[in-house]
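Take a look at the structure below.
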There are 2 protein chains.
Amino acid sequence: MKAESATSADPACPGALPSAALDGPVSHAVSRVARLHRITAGRLLKGLGLYPGQEFLMMHLWDTGAVRQAELIKAMDLDPSTVTKMLQRLEQAGHVRRRPDPDDRRAVLVEATEESCALHAEVRGAWSGLEEHTLAGLEPAERAELARLLAKVEENLCHEAGECPAP
Amino acid sequence: MKAESATSADPACPGALPSAALDGPVSHAVSRVARLHRITAGRLLKGLGLYPGQEFLMMHLWDTGAVRQAELIKAMDLDPSTVTKMLQRLEQAGHVRRRPDPDDRRAVLVEATEESCALHAEVRGAWSGLEEHTLAGLEPAERAELARLLAKVEENLCHEAGECPAP
DNA sequence: GGCATTTACATGGTCGGCCAAGTAATCAGT
DNA sequence: ACTGATTACTTGGCCGACCATGTAAATGCC
């Protein structure tokens, strides 16, 4: 068979040092965890007719009722075009209704449909399950510490990313 | 004007509780951090002609030299189709070369081009910068703790996600 | 040898997400 | 009142990432 240790052979670039996770172990971990987390969320959400990412939007709508799309964009902190397309799909799926704002003819009001409300509890449940699954085996103190560290990291990143909610 | 506190009014669903980040604060934080992290990485990578996600692949190629595509898929732990398309784009961008494996006519050998090697150091530098930026203001002990907790979370998630490297 | 199975990729389609432009309506300045 | 921002979305294009499906080659079994 081909040697399994073929990995550390023939570096394509002269003087190539092992690089992958060495510069940036945490960044690397963040990426992988994020992907796995998203996949897991997707599996849980699939049964509810939602795709990962849409939960946040629906949660917000369930909480606030009818909102202007701009408000949603700000709250989700997403690109406007992303929200537009997401809403088009959610509307077609019957989870959301859109209607022009009478007070501002360029704006659009968005709200969750009554049928979607049946999902509300299920989505909350799925997220609780996801949270518990994510944090399985972690002490309460560890969970708190993780939350704290992630918050710090988030602030670090959001500064230069340009888009943080003003303190 | 419309009351700014309209936010906590008219819940679309009867008896709707505030939901967004309440079930799953850590999950929520993970999602947001991941997105910001990816954006930041994207900004750093853009100048190098790479899109976020491609770094891992290139890093692996730089480390290992020519590999079979299947090996890459396993190492990146990505969907085969994802890797195929990524490689097509990387090839067209001149970062990667593909050639049929003489020993196995269905396999494809992939390697980084010589020109791409110029990027190697820059990508490493970008990632170091990203890591430092991500962890700015964190003590070494905190960084280690974050890495440890993320690793635990990763293992939690990868168990049910189905695809973890055998222990 | 011959046929089923597994392996290695490729294709097509869908989604979230970004950016770059474009259109339409409101707002400000003069 | 008219004109120049600014705001609010939409469209189109592109990328990473997924799934489901398809095709070709190697492998296993009899």
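Since the model is a prediction, treat every value here as computed from it, not as a measurement.
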Side chains of residues 139-149 of chain B: which donor-acceptor pairs under 3.5 Å do they make with residues two or more places apart or in other chains?
{"from": "B:Glu142", "atom 1": "OE1", "to": "B:Glu139", "atom 2": "N", "distance (Å)": "2.8"}
{"from": "B:Glu142", "atom 1": "OE2", "to": "A:Arg148", "atom 2": "NH1", "distance (Å)": "3.4"}
{"from": "B:Glu142", "atom 1": "OE2", "to": "A:Arg148", "atom 2": "NH2", "distance (Å)": "2.7"}
{"from": "B:Arg143", "atom 1": "NE", "to": "B:Leu138", "atom 2": "O", "distance (Å)": "2.9"}
{"from": "B:Arg143", "atom 1": "NH1", "to": "B:Glu132", "atom 2": "OE1", "distance (Å)": "3.2"}
{"from": "B:Arg143", "atom 1": "NH2", "to": "B:Glu132", "atom 2": "OE2", "distance (Å)": "3.2"}
{"from": "B:Arg143", "atom 1": "NH2", "to": "B:Leu135", "atom 2": "O", "distance (Å)": "3.1"}
{"from": "B:Glu145", "atom 1": "OE1", "to": "B:Arg148", "atom 2": "NE", "distance (Å)": "3.2"}
{"from": "B:Glu145", "atom 1": "OE2", "to": "B:Arg148", "atom 2": "NH2", "distance (Å)": "3.0"}
{"from": "B:Arg148", "atom 1": "NH1", "to": "A:Glu142", "atom 2": "OE2", "distance (Å)": "3.4"}
{"from": "B:Arg148", "atom 1": "NH2", "to": "A:Glu142", "atom 2": "OE2", "distance (Å)": "2.7"}

> D:dC15 P sits how many Å from B:Arg43 CZ, rounded?
Replying inline: 18 Å

> Which one, D:dC19, D:dA17, D:dA25, comes nearest to the side chain of B:Leu78?
Replying inline: D:dA17

>> Looking at A:Asp101 and A:Ala107, would you say the former's side chain and the latter's main chain have a donor-acceptor pair under 3.5 Å?
In response: no

>> Measure NE2/A:His37 against P/D:dC18 and give the value in whole Å, please.
In response: 16 Å

> Is A:Arg38 near enough to C:dC15 that one of its side-chain N or O atoms lies under 4.0 angstrom from OP1 or OP2?
Replying inline: no

> To the nearest Å, how far apart are B:Leu57 CG and D:dA17 C1'?
Replying inline: 13 Å

> B:Ile39 has an atom CD1; how far is it from atom C1' of C:dG16, in whole Å?
Replying inline: 12 Å

> Which nucleotides of nucleotides 3-10 of chain D have their base under 4.0 Å from a protein heavy atom (B), which only their sugar-phosphate (S), and which neither (-), written as one string 5' to 3'?
Replying inline: ----BSSB

>> Looking at every heavy atom in both B:Ser116 and B:Ala112, which two are closest together, and how far apart are they?
In response: OG-CB, 3.3 Å

> When the nearest nucleotide of DNA chain C is assigned to A:Met86 and to B:Thr82 on a heavy-atom basis, which residue is associated with the more 5' position?
Replying inline: B:Thr82

> Taking only N and O in the side chain of A:Arg89, is any of them less than 4.0 Å away from OP1 or OP2 of C:dG16?
Replying inline: yes

> Under the side-chain contact (heavy atoms from CB on, under 4.5 Å) criterion, do A:Met86 and A:Tyr51 qualify, and how do the steps go?
Replying inline: CA-CA 10 Å; A:Met86 253 160 97; A:Tyr51 290 86; over 6 Å; no

> Between D:dA25 atom C1' and B:Asp103 atom CG, what is the distance in whole Å?
Replying inline: 14 Å

>> So, OP1 or OP2 of D:dG16: does either fall under 4.0 Å of a side-chain N or O from B:Gln54?
In response: yes

> Whole-Å distance between C:dT14 C1' and A:Lys46 NZ?
Replying inline: 12 Å

> C:dA25 P sits how many Å from A:Arg105 CZ, rounded?
Replying inline: 5 Å

>> Test side-chain hydrogen bond (donor to acceptor under 3.5 Å, both in side chains) on A:His28 and A:Arg32; report intermediate values, then the result.
In response: CA-CA 6 Å; A:His28 201 241; A:Arg32 279 185 325 222; 3.0 Å; yes

>> If the condition is side chain to side chain donor-acceptor pair (under 3.5 Å), which residues does A:Arg99 pass it with, not counting sequence neighbours?
In response: A:Glu111

>> Pairing donors with acceptors under 3.5 angstrom, does anything connect the side chains of B:Thr84 and B:Gln69?
In response: yes

>> Expressed as a whole number of angstroms, how long is the span from B:Glu91:CD to C:dC9:P?
In response: 14 Å

